[in-house]
Structures are given as structure tokens and as C-alpha cells.
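Read the numbers this way: they start at 1 and go in the same order the structure lists the ligands and their atoms.
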Amino acid sequence: MSCCGSSTPFAPVVDAYGRRFTYLRVSVTDVCNLRCVYCMPEEGVAWLPKDEILSYEEIRTVVEAAAATGVYKVRITGGEPLARKQIDVLTGMLARVPGIDDLAMTTNGILLAQHARALREAGLKRVNVSLDTLNPERFARIARRGDVKDVLAGLAAAQVAGFDPVKLNMVVLGGVNDDEVEAFAALTLERAIEVRFIEYMPLQEAKGCALGSGSFGFVSNATTKERIARRFGDLEALEVGEGMRGPAEVWRLPRAAGRLGFISAMSAPFCARCDRLRLTATGEIRSCLLDGGGVDAKRILRGGARARI
Ligand code: SAM
Ligand code: SF4
């Protein structure tokens, strides 16, 4: 199956709102080597026992079943996907699943410099690197572990390895890093990367994820875009409105080599256009992070049944 609508062995997955699912995000681990303030508490995170996490073979079985219903895009994520051993092996397994045309990964980039080439050789096509600040002290405050230099080395290694496109994801946090949006935008002047500004979603506040004692100020992407345009001049619209291909509006700075993406899940939710399913590290298939419902694929797999979606 490809994106172009040829037939699949099973009926496509279509939900009650008529949304057809063609994209699967696969969380391969809950483990992470960072503790970003908006995602995890600083201390005391208990990782799941290994046998609760899907094996690589089990993940492949779910992806094969999804591909049979017309899923053709897969994104490997986490936790931190590069924190799972031999992730290039899983990458190769998923790249070989018939029908999976587009295999991507989202990573915090800390270990990317050492894995980029092997991942590319294994069949990974695209990579998104998450980075919220270019300032080392601020990185220590936001990510609470690791070194921004390693992320920048990972980003450079991804470009050298030939990933296309390479995207840089920045979560904009009011009063924390919003004064860096111009510096992030400027990275696209010379480099053919896409810098994406992501509105902070208060999903994890209930888990006690906050910087210091308070929460973060919300910054809408309208504010971020205005701020960038004030500094660099009018942005050129590339994929906006009806022309959008995914959740991001895409613009370009005047004469820039790269692009700017704006993902506005809070100020302009894109639920009606959502085409993604999620496989959690523990084997649950979910259509939405904000909706409690899911299917326990692990139970089906370990009960010996054929996986179905
Ligand atoms: N560890 C990898 C990484 O950081 O890229 C992959 C998993 S992480 C959960 C995936 C993306 O979600 C990252 O770009 C991260 O910045 C973003 N993210 C996590 N929590 C968020 C939140 N509360 N609001 C907005 N984006 C968030
Ligand atoms: Fe780890 Fe990614 Fe969460 Fe940061 S956003 S703590 S890197 S999983």
C-alpha cells in the first residue's frame, strides 16, 4: 500500500468522525536520558519493567497489521528512542515492512551523533530533533540533564548522514525561552532545516512538571510568528490553510535556505484533520493522547492471537 490509495488486504481504519488513519507513532520506550520540565518530573521517575514493554518483534507485528490497513507513515518516538538498545535493528525491521513508505524518528538528539549513520543505513528517512534553547545554562534548567553541545552535534550529524528533511522542534515556554525564537528562526537562514515552533500543551502539569514553583506562560504561535516577522520582515507562506500537509503551517524567512513550521495544537487544534494512531511502549493502541480510550494490543499479541487494529 502506498499513500496513493491502492488497495490494502484489510479495510482502512476510519473512526466515528470519518477520519482515516494512515500514520502510526510508535513509542519504543518510556525511558529518557533527559527530564524536560514540561514532560517529566526531575527525580523519582520509575521506568516500566522490561517485560511490560513490547519487544521489537511485537512492534513489527503491530506495524505489519497497521500497514495492512493502509498505514504508510511510521514515526519512532519515546521516551527517548535512542535510549533503547539496538534501535537501528528495530529501524531496519520497520523499514522492511511492506507498505511503510515513510519512516521517521523524533529524538532529543543527545545520542544522535553516534547513531545517525547507522539509522540512515537501516532505512530511516527523516528525523526531528527536539531542542528548546541554544544556551547551555538554560538547557540545564529546561532539560535538567545532558549537554546542548551533544544535541547540536546530533543535528549536524543528521544532516551529514543525509536525512531529508531534518526538523528542529522548539517548545516555546513563556518567560523561559520565548526570547530565543528569533535565534531559532535565524538557524534557517543558512541551513536547509525546518525549525518548528510548538505551542506548550499543559498535558503533564498534573504530574508535577513545572519549572520552579509555577507553570509556564503560554505563548501562542501567532505571537511567535509576529515576533519573528518584526525582526526579519514578512514571511513567505509555503504551506498554509488548505495547503497544509500536516499539523504545521510552513513559512519561510526572506531569502532563507530552510523553513519555519508552526504547530498550534492549543490555539488552532487540528483534530478534524488528525490521521494518526499511537502505539504506546506498553502496547496500547490509541487514537488520541487526550482521550482515555485504547486497545490493548499486547494482550492480543501475547495471547497468541493475530494482531488486529
Ligand atoms: N524524547 C524525544 C524528544 O524529546 O524528541 C521524543 C519524545 S518527546 C515526548 C516528543 C516531542 O514532544 C518533543 O518534541 C517534545 O518537545 C514534545 N513535548 C513533550 N511534552 C510536551 C508538552 N507538554 N507540550 C508540547 N510539546 C511537548
Ligand atoms: Fe525526554 Fe523527550 Fe520528554 Fe524531554 S520531551 S523528557 S527528551 S521524552
Going by the closest heavy atom to atom 11 (C) of ligand 1, which one wins out of Leu82, Leu34, Thr106? Thr106

Does Asn177 reach the main-chain N or O of Asp132 with its side chain, forming a donor-acceptor pair under 3.5 Å? yes

Atoms in ligand 1 flagged as close to Thr77, the criterion being non-hydrogen separation under 4.0 Å: 6 (C), 7 (C)

Ligand-residue contact atoms, ligand 1 with Gly79, heavy atoms, under 4.0 Å: 1 (N), 2 (C), 6 (C), 7 (C)

Test salt bridge (Lys or Arg N to Asp or Glu O under 4.0 Å) applied to Arg227 and Glu182, step by step: CA-CA 7 Å; Arg227 189 167 176 156; Glu182 294 96 331; 3.1 Å; yes

Closest heavy-atom approach to atom 25 (C) of ligand 1 among Met170, Arg25, Met201 is made by Met201

Please list, in number order, the atoms of ligand 1 under 4.0 Å from a heavy atom of Tyr200. 23 (N), 24 (N)

Geometry only, no angles: is Ser130 polar-contacting ligand 1 at N/O separations under 3.5 Å? yes

Donor-acceptor contact below 3.5 Å, side chain Arg120 vs main chain Leu124: yes

With a 3.5 Å cut-off and sequence neighbours excluded, list the donor-acceptor pairs that the side chains of residues 239-254 form with protein atoms.
from	atom 1	to	atom 2	distance (Å)
Glu239	OE2	Arg259	NH2	3.4
Glu249	OE1	Lys225	NZ	3.0
Glu249	OE1	Trp251	NE1	2.8
Arg252	NE	Glu236	OE1	3.3
Arg252	NH2	Glu236	OE1	3.4
Arg252	NH2	Glu236	OE2	3.3

Using atom types as modelled and distance alone, determine if a side-chain donor or acceptor of Glu199 lies under 3.5 Å from a backbone N or O of Asn221. yes

Could you list the atoms of ligand 1 found under 4.0 angstrom from a heavy atom of Glu80? 1 (N), 2 (C)

Quick one: give me the number of protein N/O/S atoms under 2.8 Å from atom 1 (Fe) of ligand 2. 1

Report yes or no: does a heavy atom of Glu199 sit under 4.0 Å from some atom of ligand 1? yes

Heavy-atom distances under 4.0 Å are what count here, so tell me which part of Thr107 touches ligand 1: side chain, backbone, both or neither. backbone

Give the numbers and elements of all ligand 1 atoms closer than 4.0 Å to a heavy atom of Asn169. 14 (O)

According to a hydrophobic-cluster definition based on side-chain heavy atoms being under 4.5 Å apart (Ile, Leu, Val, Met, Phe, Trp, Tyr only), do Ile87 and Leu48 belong together? no

